[in-house]
Structure formats: structure tokens, C-alpha cells
Amino acid sequence: MKARMLRRACGVLAGVALALSGTAASAAWPNDKIIRMVVPFAAGGSTDLIARKLAEGLGKTLGANVIVENRPGAGGTVGTDYVARQPADGYTILMGSVSTHGSAPCIYQHLPYDANKDFTPLAVVATIPNVIVLNKEVPAKDVQSFVKLAKQDPGRYTYASNGPGTSNHLASAFFTSVAGISMTHVPYRGSGPALIDLLGGQVNMMMDVIMTSYPYIKEGKLHALAVTSAQRSPMLPDVPTVAESGYPGFEAIVWFGMFAPANLPAPIADRLAKAIVDVQNGPEMKRYLESTGSQVSSVTGQAFAAMIKDDNAKWCKVVQQAKIRLD
């Protein structure tokens with residue numbers, strides 16, 4: 001009996017010691033250690049650009065060295081899975097997106113992570129619409145003329161995406177479905193490489209976030225047909241929405257959000273979320289996001305988790321309608 005009581009007391013003391021050490025570690029975080037911000041897409045794309053600007057601001061706000069690490073592959077799921085398997089200590093975080101958490105659970109039969117259970121949602125960083133852009137050699141001036149071309153020659157025209165299962169893959173497939181056209185999907189490892197081939201004429205069309213396509217649109221190197229938001233973009237006021245172009249109700253918004261592995265201690269999660277929101281609403285980051293056509297969002301914690309579940313429902317319906325499924 002005494003031995004059993006002694007073991008129980010030792011167990012309690014060990015638990016208390018562990019809790020105290022965890023509390024001490026949370027209080028000391030980041031403790032002059034490097035924080036890695038993993039971007040699951042190639043360098044040069046929209047996710048990467050926003051991540052690098054955010055990392056710069058977080059480094060100043062937290063007094064830490066925040067570095068960006070690109071781990072592209074499989075539509076963002078490789079880098080996302082990597083973060084899910086890292087220690088929940090605040091030193092590895094993820095710049096996820098609607099692709100990695102909103103649509104991937106709908107499109108991959110064997111997704112290596114659970115978008116709702118394997119992460120601690122920290123904060124939505126920004127939202128931004130896509131814009132349908134064409135290589136300048138494609139003889140179409142608006143959505144209707146492009147749809148007419150595609151219907152005349154089914155399968156001839158191609159569209160690029162950031163990778164299989166990414167948000168612009170699904171948005172493009174959704175568009176081709178509602179427009180009643182057949183196009184060939186050409187996946188890339190991020191929007192950067194996809195844009196290079198679009199500019200070079202290797203592919204004909206892409207739904208890309210405004211921030212990365214905007215310079216090429218303004219220079220006349222790409223032709224903008226329509227934006228995918230419910231309202232026109234202030235950056236492209238003369239470009240109609242897809243809904244205005246004959247497909248009412250069509251909307252496909254991209255969001256970027258910060259995550260940590262599941263079970264991140266609440267004090268660290270709260271501090272990270274607050275730091276992200278502070279950086280977002282600071283004049284430098286806010287000015288940067290607005291200049292790229294993005295909108296600042298301050299959705300955090302449980303509200304962010306609920307938003308992801310709503311997105312799952314929306315995109316799973318699109319996947320079912322478009323009959324898209326990946327191994």
C-alpha cells in the first residue's frame with residue numbers, strides 16, 4: 001500500500017514538474033531560437049511573397065529570427081504534412097492556404113494529414129480574389145469570347161494551376177464546368193513557375209491571384225478576362241467579375257493563414273496570433289497587402305477553425321460536381 005501511494009505521489013510530482021517546465025518554456029519562448037515559417041509552395045508565388053513580408057514583421061514584433069523555408073510539392077501537401085509532424089513548440093509554423101486546408105481534404109483520397117485535427121489555427125493573414133488571365137496570343141477579349149473559342153475546339157486550350165488540388169485548380173475546374181467547356185489541366189509547383197510558362201505561351205490560361213499577375217496585366221503581357229470575387233477589384237476596376245460575365249453566383253476567394261502543429265501551448269498560440277494580427281494591422285504590412293489587391297483579415301483561433309470547416313463543405317461540393325479526385 002505504501003509503495004503504491006509512493007508511486008502515485010511520484011507520478012503527481014512528475015506531472016507537476018512537467019507542467020511547470022512547459023509553463024516556463026512557454027514564458028521563455030521564443031528564447032533567441034530561430035522560428036521557421038514553412039511555405040509549402042515554390043518561391044516567388046503569392047503564398048511565398050506574403051509569407052516573407054509577414055516573417056519580416058514577426059521578427060521585429062517578437063524580437064526573433066523568423067526565416068522562410070520553402071517545401072513545395074503535391075499541391076502544398078508535402079510542406080503542410082511536414083509541419084504537422086514537427087514538435088508543437090512554436091518554432092515551426094506554416095503559411096497555409098485555402099489549398100492546403102480548404103480544398104485538399106476534398107480532393108486527395110489519401111491526404112497524409114487531417115486539416116482540422118493536426119494543426120493549431122493561429123490567424124488568417126489575408127484574402128484575395130483570383131483573376132482569369134490569358135496568354136496575349138489567345139484571340140479572346142472577354143470571358144464569353146474565350147468560352148466560344150474553347151467550345152469550338154474542345155481540349156485544345158490549357159490552363160495552369162499551382163498544383164493538383166490547389167485552390168486555383170479547383171476554381172478553374174469549377175469555371176470550366178459551369179461554362180461547359182473542356183480544357184487540359186497543366187499543374188505546376190506553385191504560381192511562379194506556372195506564370196513563367198503562361199507568359200511564354202506553353203499554357204493558355206490561368207486563374208492567378210491578382211498580386212502576382214497584376215504587373216504583367218499592366219505591362220500588357222497578360223490579358224485579364226475577369227476576377228473571381230463577388231465585386232470588382234479596386235486594382236482592376238475595368239475588369240468584370242465572372243458573375244458579371246454570364247455566370248451569376250460564381251465566386252472563388254483565396255485566403256492565406258498561419259498554423260502551428262496541433263496542441264501548441266495556449267500561451268504561445270495566443271502570443272503568435274496576437275503578433276500576426278499586430279503585424280497585419282501595422283501600416284507597413286497593411287499598405288503592402290492592399291497594394292497587392294489583398295484584404296487584411298483578423299480572424300483567429302476558433303473562428304479560423306470554423307472558417308476552414310465551412311470551406312471544406314464548399315469545395316467538397318465543387319469537387320463532387322467537377323468529378324476531381326487525386327490519389
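We number each residue from 1, following the sequence as shown.
Linking Ile, Leu, Val, Met, Phe, Trp and Tyr residues whenever their side-chain heavy atoms come within less than 4.5 Å leaves Ile268 and Val277 in two separate clusters. At a threshold of 4.5 Å between side-chain heavy atoms, the hydrophobic network of Ile, Leu, Val, Met, Phe, Trp and Tyr places Val299 and Phe259 in one connected group. Residue Leu222 is grouped with residue Val186 when hydrophobic side chains (ILVMFWY) are merged at heavy-atom distances under 4.5 angstrom, including chains of intermediate members. Put simply, Ile253 and Leu225 are part of two different groups of oily side chains (I, L, V, M, F, W, Y) that touch within less than 4.5 Å, one to the next. In terms of hydrophobic clustering, with Ile, Leu, Val, Met, Phe, Trp and Tyr side chains grouped at heavy-atom distances under 4.5 Å, Tyr188 and Val78 are assigned to different clusters.
At most 12 non-hydrogen atoms from other residues, nucleotides or ligands lie less than 6.0 angstrom from CD of Gln302. Other residues, nucleotides and ligands place no more than 12 heavy atoms under 6.0 Å from the CG atom of Asn263. Heavy atoms of other residues, nucleotides or ligands lying less than 6.0 angstrom from NZ of Lys314 number more than 12. By the 6.0 Å contact criterion, CG on Asp32 is open, its count of non-hydrogen atoms from other residues, nucleotides or ligands being 12 or less. Open room surrounds CD on Gln231; 12 or fewer heavy atoms of other groups in view lie less than 6.0 Å from it. Other residues, nucleotides and ligands contribute only 12 or fewer heavy atoms inside 6.0 Å of the OH atom of Tyr216.
Counting heavy atoms from C-beta outward, His101 and Leu94 have side chains that approach closer than 4.5 Å. Leu272 places a side-chain heavy atom less than 4.5 Å from the side chain of Trp29. In this structure the side chain of Trp315 never reaches within 4.5 angstrom of the side chain of Ile107, judged on heavy atoms. By the 4.5 Å heavy-atom criterion applied to side chains, Met211 and Tyr288 are counted as neighbours. With contacts defined as side-chain heavy-atom distances shorter than 4.5 Å, the pair Tyr108/Pro164 qualifies. Leu170 is not listed as a side-chain neighbour of Val98, based on a closest heavy-atom distance of 4.5 Å or more. A heavy-atom distance below 4.5 Å is found between the side chains of Arg271 and Leu62. Side-chain contact check for Asp89 versus Lys33: every heavy-atom pair is 4.5 Å or farther apart.
Remark: the backbone N or O of Met285 is not paired with any side-chain donor or acceptor of Gln280 at under 3.5 angstrom. Judged by distance alone, with hydrogens and angles left aside, the side-chain atoms of Gln295 form no donor-acceptor pair with the main-chain N or O of Thr127 at under 3.5 Å. Under a 3.5 Å cut-off, the side chain of Ser161 and the backbone N or O of Pro187 do not form any donor-acceptor pair. Using modelled atom types, one side-chain atom of Ser172 and one backbone atom of Asn168 make a donor-acceptor pair closer than 3.5 Å. Put simply, the side chain of Ser213 never gets that close to the backbone of Ile210: no donor and acceptor are under 3.5 Å apart. Of the possible polar contacts, none joining the Asp81 side chain to the Thr77 backbone as a donor-acceptor pair under 3.5 Å is found. In this structure, the side chain of Ser145 engages the main chain of Lys141 through a donor-acceptor pair within 3.5 Å. A distance-only check finds no donor-acceptor pair linking the side chain of Glu284 to the backbone of Lys53 [under 3.5 Å]. Between the side chain of Thr228 and the main chain of Asn130, a donor-acceptor pair closer than 3.5 Å is present.
Aromatic pair Phe175/Tyr159: ring centres not closer than 6.0 Å.
Taking CD from Glu69 and CD1 from Ile34, the interatomic distance works out to 10.5 Å, rounded to the nearest 0.5 Å. Atom OG of Ser233 and atom CG of Asp238 lie 11.0 Å apart (nearest 0.5 Å). In this structure, Glu244 CD and Arg232 CZ are separated by 4.0 Å, a value rounded to the nearest 0.5 Å. Atom CD1 of Ile50 sits about 4.0 Å away from atom CZ of Phe256, to the nearest 0.5 Å. From Gln321, atom CD reaches atom CD1 of Ile324 across 10.5 Å, with rounding to the nearest 0.5 Å. Asp208 contributes atom CG, which lies 6.5 Å from atom CG of Asn162 (distance to the nearest 0.5 angstrom).
Nearest heavy-atom pair across Val38 and Pro40 is O-CD, 3.8 Å. Of all heavy-atom pairs between Thr241 and Ala230, the closest is CG2-O, 3.9 Å. Taking every heavy atom of both residues into account, Asn135 and Leu198 meet most closely at ND2-O, 2.8 Å. Counting all heavy atoms, side chain and backbone alike, Thr212 lies closest to Ser46 at CG2-N, 3.7 Å. Scanning all heavy atoms of the two residues, the minimum distance from Ala224 to Ile217 falls at CB-CD1, 3.9 Å. Considering all non-hydrogen atoms of both residues, Ile93 and Gly90 come closest at CG2-O, 4.3 Å.
Salt-bridge formation is detected for the pair Lys274/Asp278: a Lys NZ or Arg NE/NH1/NH2 atom is positioned less than 4.0 Å from an Asp or Glu carboxylate oxygen. Salt bridge status for Arg52 with Glu56: absent, with no side-chain N to carboxylate O gap under 4.0 Å.
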Give the intermediate values and the outcome of side chain to side chain contact (heavy atoms under 4.5 Å, CB included) for residues Tyr214 and Val131. CA-CA 9 Å; Tyr214 182 78; Val131 56; over 6 Å; no
CA sep, side-chain torsions, deciding dist, call: Asn31, Tyr91, side chain to side chain contact (heavy atoms under 4.5 Å, CB included): CA-CA 10 Å; Asn31 198 27; Tyr91 295 110; 3.9 Å; yes
Given side chain to side chain contact (heavy atoms under 4.5 Å, CB included), test Val83 with Tyr113 step by step and report yes or no. CA-CA 10 Å; Val83 173; Tyr113 58 85; over 6 Å; no
Determine, step by step, whether Met95 and Met258 satisfy the side chain to side chain contact (heavy atoms under 4.5 Å, CB included) criterion, reporting the C-alpha distance in whole Å, the side-chain angles of both residues, the deciding distance to 0.1 Å, and the verdict. CA-CA 5 Å; Met95 175 62 91; Met258 292 304 308; 3.8 Å; yes
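Between Phe250 and Phe174, the ring planes lie parallel to each other; the angle is under 30°, not in the 30° to 60° tilted range. By the 30° and 60° cut-offs, the orientation of the rings of His185 relative to His169 is parallel.
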